[in-house]
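Have a look at the structure below, then the notes.
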Amino acid sequence: LADPASPTQRVSGQPKAGFRTVQHQVPLLSLDNAFDAEELRAFDRRVRRGLGALGAPSPYIVELKIDGLTVALTYRNGVLTEAATRGDGLTGEDITANIRTLRSIPLRINSHIPLLIVRGEVYMPKEEFAALNREREETGQPLFANPRNAAAGSLRQLDPKVTASRPLKAFFYDILVAEGSELAVPDIQSQRLEFLAELGLPVNRDYRVCANIEEVIDSCAYWAEQRHKLSYDIDGLVIKLQSIAGRVELGHTAKAPRANIAYKFPAVQEETQVLDIEVNVGRPGAITPLAILRPVVVAGSTISRVALHNEDYIKEKDIRIGDWVLIHKAGDVIPEVVRVLTEKRTGAERQFMMPKNCPVCAQPVFRAEGEAVLRCVNESCIARLRERLIHFASRDAMDIDGLGPAIIGQLVDAQLIKDPADLYQITVEDLLKLERFALKSAQNLVAAIQKSKEAGLDRVIYALGIRHVGKGAARVLAQYFRSMERLQQASEAELQTVPEVGAIMADSICSFFGQAQNQQLIAKLAAAGVNLQMPEADLRPADGGPLPLNGKTLVVTGTLTGFSRSEAEEAIRRAGGKATSSVSKKTDFVVAGAEAGSKLDKAKELGIRILNEAEFVQLLQNKGSVE
Ligand code: IVH
């Protein structure tokens with residue numbers, strides 16, 4: 001059952017204190033860089049001279065240079081046994097538990113080759129990166145500067161569950177070691193890529209085989225233009241000699257192979273002027289400054305505004321209204337001020353001051369100790385209400401089709417809603433009084449709002465916009481507590497026993513439910529018919545088969561390898577059983593994992609049947625006896 005390729009091994013047990021260092025079997029070299037066509041031609045001449053073939057063109061392959069984190073995976077007899085970061089090229093860190101959580105990385109490849117070590121790049125797609133940062137912004141966590149940092153931060157997590165929750169992907173492009181194989185590993189790089197793909201590893205198919213260096217240069221020009229259309233970042237291209245024998249013959253310097261080179265794209269930065277600085281009021285009342293720019297095209301898209309985050313950021317960069325600034329896209333996605341072109345100052349620039357009052361409701365704003373942002377704390381501020389509603393209706397929350405920021409603005413302005421629960425009272429007649437609504441669109445919106453009543457407990461929890469509670473945490477809370485009522489009643493201590501809930505989140509949840517207006521909101525949602533329970537169907541096996549633990553009471557104790565505590569309890573409920581936390585005479589079974597303590601002792605004392613993890617799994621699968 002403890003097969004390393006078993007799907008249960010994708011998420012492993014406990015966070016680690018630190019990463020083990022691992023010695024790479026072969027050094028993970030780096031690459032030299034070329035920045036223009038001339039440097040590429042010089043590289044080509046060195047290659048052909050080195051091969052004694054100055055007269056003949058040599059075929060190359062141009063691969064995308066994925067901007068992520070290098071990893072080396074070891075498969076023994078076809079099973080993933082180890083994954084390591086590049087580190088300094090000689091020693092890296094053991095990130096096996098984290099790599100296992102990536103769905104696109106096979107735990108078993110299509111070959112029993114005794115030893116295969118492959119090299120590749122783990123990355124985070126651009127859209128997923130933007131969504132992750134949006135979620136972090138909403139929950140007050142520091143943002144990642146770019147997808148590469150987000151990928152690195154996600155992979156170097158001591159708790160693999162965090163990695164599992166991050167949208168990471170990978171591409172593999174090199175075979176470092178292949179031992180004892182009957183299989184012939186191809187001697188041509190493009191065929192090697194296809195070979196890796198046949199093994200089941202993710203391979204980037206956007207490579208191009210070029211007959212000579214001029215075709216390589218064409219390909220570089222093509223990707224410099226087109227790279228923004230890719231769903232992930234590349235920071236250049238890698239040009240490799242197609243012939244692996246040639247690569248071996250040319251050898252390498254201390255740092256890099258002579259037969260490969262990286263072509264780096266020129267960084268795209270543009271100059272523009274700060275026309276004004278505005279402030280926005282966000283959902284948790286955060287007052288954030290935003291620079292309005294003279295529109296400028298940067299790396300394929302027009303930038304006319306850029307976030308300035310907070311007062312300290314503006315001070316640190318010394319950004320003034322009227323300044324000329326250098327703009328780039330951090331990680332190719334998010335526009336950012338690189339620096340102020342102080343040499344262009346005329347003296348007419350104006351310092352920006354953060355407002356002392358909310359720009360919308362005119363109430364005083366506050367800056368909490370240790371926080372960089374100013375907040376409007378007026379619960380009835382219209383701007384805060386609008387942001388709350390936008391979040392409530394958004395795709396990851398209640399997913400109300402057709403209820404976007406513009407319509408929410410209309411509803412708020414018309415004073416039709418004062419909190420999210422009021423949405424459920426809106427009628428077709430109400431909407432018909434507003435501009436831009438016809439009968440059909442009004443009916444559709446009312447239907448979409450009504451439909452969202454069944455969005456599910458996890459979405460409702462997320463939709464409430466509790467600070468620090470993102471999508472993933474909302475799902476965990478819903479699974480653990482199974483009803484809004486139980487969540488509302490949970491103490492800070494109980495909340496902290498939930499995996500993924502730390503002190504800050506627990507505190508935030510308790511203070512949210514402690515506020516009278518939030519209690520009223522939940523009561524109004526319930527009265528409106530919003531489903532605040534985990535759906536019953538979730539507790540039944542998908543195939544409608546018999547429930548193996550029907551009527552049985554189980555206690556889980558100690559650490560299991562294939563389940564977290566809440567997953568094990570979820571599995572018990574799905575199988576028709578009841579999961580409780582203390583052992584008594586009414587307990588039918590105690591599932592004991594590693595380091596089980598007093599509950600196990602008590603079970604022995606009471607003569608209750610004790611199951612190890614394997615027996616527990618058998619029971620869940622209807623293969624064991626419950627009598
Ligand atoms: S080949 C011996 N191919 O770029 C060097 N590297 O600056 C083997 N990278 O950290 C590297 N995509 O991990 C190669 N298609 C690709 C790549 C690639 C990204 C990374 C590589 C290294 C860096 C080199």
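Counting convention: from 1, in listed order, for ligands and their atoms alike.
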Does Asn33 have a heavy atom less than 4.0 Å from any atom of ligand 1?
no
Within the 4.0 Å heavy-atom shell around Pro257, which atoms of ligand 1 are there?
2 (C)
Just to be sure I read this right, does ligand 1 sit under 4.0 Å from the backbone of Leu29, its side chain, both, or neither, counting only heavy atoms?
both
Of all the atoms in ligand 1, which lie at a distance below 4.0 Å from a heavy atom belonging to Ser30?
2 (C), 5 (C)
Can you name the closest pair of heavy atoms from Leu290 and Arg305 and give their distance?
CD2-NH1, 3.4 Å
Lys240 neighbourhood, listing ligand 1 atoms whose heavy-atom distance to it stays under 4.0 Å
1 (S), 3 (N), 14 (C), 16 (C)
Identify the protein heavy atom lying closest to atom 17 (C) of ligand 1, giving its residue, its atom name and the separation to 0.1 Å.
Tyr173 CE2, 3.5 Å
Could you check whether the rings of Phe171 and Tyr123 sit parallel, tilted or perpendicular, using 30° and 60° as the cut-offs?
parallel
Closest protein heavy atom (residue, atom, distance) for atom 20 (C) of ligand 1:
Glu121 OE1, 3.5 Å
Does Phe144 have Arg136 sitting over its ring (NZ/CZ under 6.0 Å from centre, angle to axis within 45°)?
yes
Would you say Val238 and Leu31 make side-chain contact, with heavy atoms under 4.5 Å?
yes
Strictly below 4.0 Å, N to O, side chains only: are Arg208 and Glu215 in salt-bridge contact?
yes
Who's the nearest protein heavy-atom neighbour of atom 22 (C) of ligand 1, and how far?
Arg119 NH2, 3.4 Å
Lys65 neighbourhood, listing ligand 1 atoms whose heavy-atom distance to it stays under 4.0 Å
4 (O), 7 (O), 12 (N), 19 (C), 23 (C), 24 (C)
